[in-house]
Amino acid sequence: MNIVLLGAPGAGKGTQAAQLVEKCAIAHISTGDMLRAAVKEGTPLGQKAKSYMDAGDLVPDDVIIGLVTERLQDADTKAGFILDGFPRTSAQAVALDAELSKLDRPLDAALLISVEPEVIVGRLTSRRMCKECGCIGTATDTVCPKCSGEMYQRDDDNEATVRNRLDVYEKSTAPLIDYYRGCDLLVEIDGDRDPKIVFEDVTKALSL
Ligand code: AMP
């Protein structure tokens, strides 16, 4: 199964993707995770991406399209993949279509997790992430619930940056909803509920 996951930052895409990956044994391609790893390692890509990420702006299309195109050549994506955080612009969506048609691996669904912006602001400003395994928690988690690693607040989860990320989402990414609706691939799920219930709906909607 080849899936694109759409939704505002903080809608719960990472949480749903992790469960889908486990259930379907497909590759999880999170551009945000790939960029954070590059920043941590201090690679040229990380150095280029950091200022955009800290401001809550999008990393340039050519950089991110190259990154995903390369990742899609990896053998583990042949059994299926879930793209989490990509595409985020029309140019990225068009480039993805072209690459998938070249690889003869069409998308099965574009899954939209919908959550109201004010709910997102509350969620993201209280979100914490594990330094070791990337697991997502809240401000009340002093250590990672999965591996006991140290929890931290992402640089871009402060309120001003969150609001900018939501503006960027509305302007650049939300138009993709109509794009995928037009391709008859859109599946919309209400993400403002317990993540377990959301996942039940996701599995039903994708007939998993
Ligand atoms: P995320 O973890 O998906 O919220 O991504 C964190 C940050 O990485 C975003 O705010 C952007 O700066 C950058 N980023 C991730 N994916 C993309 C993408 N597809 N296009 C451009 N920038 C991206």
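Positions are given from 1, in the same order as the sequence printed here. Counting convention: from 1, in listed order, for ligands and their atoms alike.
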### Query
Counting distance only, does the side-chain N/O of Asp141 pair as donor-acceptor with the main-chain N or O of Val143 below 3.5 Å?
no
### Query
Looking only at atom types and distance, does a side-chain atom of Glu170 sit under 3.5 Å from a main-chain N or O of Leu166, one as donor and one as acceptor?
no
### Query
Between the side chains of Arg36 and Ser30, does any donor sit under 3.5 Å from an acceptor?
no
### Message
Can you give me the closest heavy-atom contact between Ala27 and Asp76, atom names plus distance?
### Response
CB-OD2, 3.5 Å
### Message
Minimum heavy-atom separation for Thr125 and Arg128, please, with both atom names.
### Response
O-NH1, 3.5 Å
### Query
Are the side chain of Lys13 and the backbone of Gly7 linked by a donor-acceptor contact shorter than 3.5 Å?
yes
Can you give me a line-by-line list of nitrogen or oxygen pairs between ligand 1 and the protein shorter than 3.5 Å?
{"from": "ligand 1", "atom 1": "2 (O)", "to": "Arg36", "atom 2": "NH1", "distance (Å)": "2.9"}
{"from": "ligand 1", "atom 1": "2 (O)", "to": "Arg36", "atom 2": "NH2", "distance (Å)": "3.0"}
{"from": "ligand 1", "atom 1": "2 (O)", "to": "Arg154", "atom 2": "NH1", "distance (Å)": "3.3"}
{"from": "ligand 1", "atom 1": "2 (O)", "to": "Arg154", "atom 2": "NH2", "distance (Å)": "3.3"}
{"from": "ligand 1", "atom 1": "3 (O)", "to": "Arg88", "atom 2": "NH1", "distance (Å)": "3.0"}
{"from": "ligand 1", "atom 1": "3 (O)", "to": "Arg88", "atom 2": "NH2", "distance (Å)": "3.2"}
{"from": "ligand 1", "atom 1": "4 (O)", "to": "Arg88", "atom 2": "NH2", "distance (Å)": "3.2"}
{"from": "ligand 1", "atom 1": "4 (O)", "to": "Arg154", "atom 2": "NH2", "distance (Å)": "3.3"}
{"from": "ligand 1", "atom 1": "4 (O)", "to": "Arg165", "atom 2": "NH2", "distance (Å)": "3.3"}
{"from": "ligand 1", "atom 1": "12 (O)", "to": "Asp57", "atom 2": "O", "distance (Å)": "2.6"}
{"from": "ligand 1", "atom 1": "16 (N)", "to": "Thr31", "atom 2": "OG1", "distance (Å)": "2.8"}
{"from": "ligand 1", "atom 1": "16 (N)", "to": "Gly85", "atom 2": "O", "distance (Å)": "3.4"}
{"from": "ligand 1", "atom 1": "16 (N)", "to": "Arg88", "atom 2": "NH1", "distance (Å)": "2.9"}
{"from": "ligand 1", "atom 1": "19 (N)", "to": "Gly85", "atom 2": "O", "distance (Å)": "2.9"}
{"from": "ligand 1", "atom 1": "19 (N)", "to": "Gln92", "atom 2": "OE1", "distance (Å)": "3.0"}
{"from": "ligand 1", "atom 1": "20 (N)", "to": "Gln92", "atom 2": "NE2", "distance (Å)": "3.0"}
{"from": "ligand 1", "atom 1": "22 (N)", "to": "Val59", "atom 2": "N", "distance (Å)": "3.1"}

